[in-house]
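Every heavy atom of this structure was used, including side-chain atoms; hydrogens, water molecules and symmetry mates were not.
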Protein chains: 2
Amino acid sequence: MNSQALSPPVKRIADSTVRRLSIYLRFLEEFEGRGLSTVSSEELARRGGTTSAQVRKDLSFFGSFGKRGLGYSVPELSTSLREILGLGRGWRVVIIGAGKIGAALAQYRGFRQRGFQIVAAYDSNAEKIGGTLEGIEIRDMHRFEADVEKDHPEIAVLAVPMEHAQAVLDRVARAGIKAVLNFAPVQLHAPADMTVKTVNMAMELEGLTFALTNQGV
Amino acid sequence: MNSQALSPPVKRIADSTVRRLSIYLRFLEEFEGRGLSTVSSEELARRGGTTSAQVRKDLSFFGSFGKRGLGYSVPELSTSLREILGLGRGWRVVIIGAGKIGAALAQYRGFRQRGFQIVAAYDSNAEKIGGTLEGIEIRDMHRFEADVEKDHPEIAVLAVPMEHAQAVLDRVARAGIKAVLNFAPVQLHAPADMTVKTVNMAMELEGLTFALTNQGV
DNA sequence: GAGTGCTTGTGAATTCATTCACAAAGTAGC
DNA sequence: GCTACTTTGTGAATGAATTCACAAGCACTC
């Protein structure tokens with residue numbers, strides 16, 4: 001009925017659902033580029049490595065986007081998914097830590113493409129401060145709190161050594177930033193009103209060695 | 001009863017369990033460094049952001065490692081966890097793609113610390129071939145299949161542009177490598193006997209913007 | 001060696017996520 | 001407009017993961 005519903009999540013949405021929405025959106029953008037006009041849940045499922053029922057259930061949490069007998073309009077569904085995922089607007093991001101990981105992030109194209117604007121990078125190493133990271137000014141971490149008041153970034157990316165990660169997170173929290181993408185391989189403790197996602201390569205590697213060892217050859 | 005059980009997984013172990021084992025191990029290593037001799041499931045749970053019942057259940061899949069009334073011996077449990085996770089031995093790793101991400105990976109200390117030996121890096125860009133990535137030789141991707149026969153690496157890290165990721169994965173699969181850590185932000189399709197873990201920053205970021213948009217302020 | 005206190009290990013209960021299965025709603029052909 | 005064919009949206013059924021709750025086991029004291 002209401003194909004642009006966007007009924008805001010009545011019940012808590014599972015992480016796994018949000019991840020899949022990301023995946024669907026990526027395919028939809030590919031289809032969009034190729035000029036396809038409709039897609040079925042079956043097609044999305046095949047590409048995303050899941051089932052068509054799962055695709056429909058995932059979407060059903062947010063409304064009703066398809067036409068029975070036909071499928072989903074590619075441009076309409078991508079717009080809706082972008083909306084749902086909060087990609088309908090720009091986001092200001094700061095990178096904390098101007099090391100190798102910070103550099104790899106700063107140059108990552110997908111960042112800007114999806115509306116993430118990197119407003120600054122921070123470091124506490126005097127040799128790095130004042131330099132640039134892929135064209136982004138590296139500022140003294142001492143300025144962090146004052147800068148946040150001015151720039152009000154919404155997202156902080158933590159690319160600092162694991163020893164400092166929790167302390168930096170606490171500063172980020174106090175400064176009022178509510179979303180953090182953490183690259184330090186540690187479990188961080190954050191206030192309840194904050195969202196922290198950790199990208200932990202060490203953990204994924206151990207997932208691999210576990211698989212090799214236990215299900216392996 | 002049998003405190004060194006390591007009864008090999010009777011039933012399939014959930015991914016989430018394996019991830020938590022990694023987390024526990026990290027704390028245990030910290031405790032080990034501080035010379036603590038025992039730890040309770042309660043303590044591990046608090047640090048790892050879970051519950052003590054969860055910790056005990058996770059461990060119970062593999063055997064019985066604690067002493068009632070006392071807790072777990074720090075050195076014994078870390079040894080067991082390392083064993084379970086397959087970290088009791090070394091692993092040969094190749095990095096494919098000598099760009100920024102490849103570089104960030106190559107210098108990552110935790111790699112070597114946990115017994116991962118990077119045997120080579122590969123690229124197909126003539127300007128990079130012959131150079132080094134943090135001391136590791138960058139080889140021509142043409143040599144890949146031949147080298148795998150000689151070096152028999154067990155793990156491949158994919159740090160190539162998303163356009164090439166699936167094609168490279170297919171080559172890796174054909175070469176007989178059974179474990180892949182993928183950094184390209186795409187859904188890959190692999191044979192069933194292969195384990196692929198994807199580290200997808202874009203997806204995590206979208207998890208953040210979703211949270212900011214839907215549960216947000 | 002009986003009593004107290006603490007913590008594990010684990011079935012049972014519960015909660016959460018996925019899959020099934022089918023009515024409802026659309027298209028297309030005639 | 002009727003029939004045949006598709007594909008959605010969604011309750012109900014199933015399956016998986018987490019939490020509960022408590023008996024069993026060990027350390028320590030007296």
Side-chain angles (χ1 to χ4, degrees), chain A residues 1-7 9-24 28 31 36-74 76-77 80-81 84 207, chain B residues 1-7 9-24 28 31 36-74 76-77 80-81 84 207:
Chain A
M1 190 160 272
N2 48 347
S3 72
Q4 286 301 72
L6 285 204
S7 33
V10 171
K11 44 175 298 184
R12 219 193 128 280
I13 301 297
D15 254 36
S16 49
T17 295
V18 178
R19 301 174 93 84
R20 282 191 300 267
L21 294 180
S22 283
I23 296 179
Y24 306 152
L28 286 166
F31 293 158
L36 299 179
S37 66
T38 62
V39 66
S40 67
S41 56
E42 185 55 45
E43 173 80 3
L44 279 173
R46 192 150 30 77
R47 303 293 226 88
T50 177
T51 67
S52 63
Q54 180 77 79
V55 172
R56 296 197 299 275
K57 183 66 90 180
D58 286 340
L59 295 175
S60 77
F61 294 127
F62 300 93
S64 169
F65 304 97
K67 281 205 178 51
R68 293 172 193 224
L70 234 185
Y72 301 89
S73 147
V74 169
E76 277 177 25
L77 186 57
S80 299
L81 283 185
I84 291 167
Chain B
M1 189 162 269
N2 47 348
S3 73
Q4 286 301 73
L6 284 206
S7 33
V10 171
K11 43 175 296 183
R12 217 193 130 278
I13 299 298
D15 254 36
S16 48
T17 296
V18 179
R19 303 174 90 84
R20 282 191 301 266
L21 294 180
S22 282
I23 297 179
Y24 307 152
L28 286 166
F31 293 158
L36 299 178
S37 66
T38 62
V39 67
S40 67
S41 57
E42 185 55 43
E43 173 81 1
L44 278 173
R46 193 152 28 77
R47 304 293 226 89
T50 179
T51 65
S52 63
Q54 180 77 79
V55 172
R56 296 197 299 276
K57 183 67 87 179
D58 286 340
L59 296 175
S60 77
F61 294 126
F62 301 94
S64 170
F65 305 96
K67 281 205 178 55
R68 294 174 193 225
L70 235 184
Y72 301 88
S73 148
V74 170
E76 277 178 25
L77 186 56
S80 299
L81 282 185
I84 290 167

Please identify each residue that fulfils side chain to side chain contact (heavy atoms under 4.5 Å, CB included) with [X], with sequence neighbours left out.
X	result
B:T51	B:A53, B:Q54
A:K67	A:L70
B:S16	B:A14, B:R20

inquiry  = Check this one for me: any side-chain N or O of A:S40 less than 4.0 Å away from OP1 or OP2 of D:dT7?
reply    = no
task = Using a cut-off of strictly less than 4.0 Å, decide whether B:S60 has a side-chain nitrogen or oxygen near OP1 or OP2 of C:dG9.
result =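 For B:S60, the contact criterion (side-chain N or O under 4.0 Å from OP1 or OP2 of C:dG9) is not met.
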key: Contact list for DNA chain C against residues 42-50 of chain B - heavy-atom distance below 4.0 Å   = none
Got a sec, which residues hit side chain to side chain donor-acceptor pair (under 3.5 Å) with [X], two or more places apart in sequence or on another chain?
X	result
A:R19	B:E204
B:Y72	none
A:R68	none
A:S73	none

Under 3.5 Å between N/O atoms: give me all the protein pairs with nucleotides 21-25 of chain C, atom names plus distance.
unit_1, atom_1, unit_2, atom_2, d
C:dA21, N6, A:R56, NH2, 3.4
C:dA24, N3, A:R68, NH1, 2.8

For nucleotides 14-18 of chain D, give me every protein contact, N/O to N/O, under 3.5 Å, one pair per line with atom names.
unit_1, atom_1, unit_2, atom_2, d
D:dT18, OP1, B:R20, NH1, 3.1
D:dT18, OP2, B:R20, NH2, 2.9
D:dT18, O5', B:Q54, OE1, 3.4

task = Measure from NZ on B:K67 to C1' on D:dC26 and round the result to the nearest Å.
result =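 In whole Å, D:dC26 C1' lies 9 Å from B:K67 NZ.
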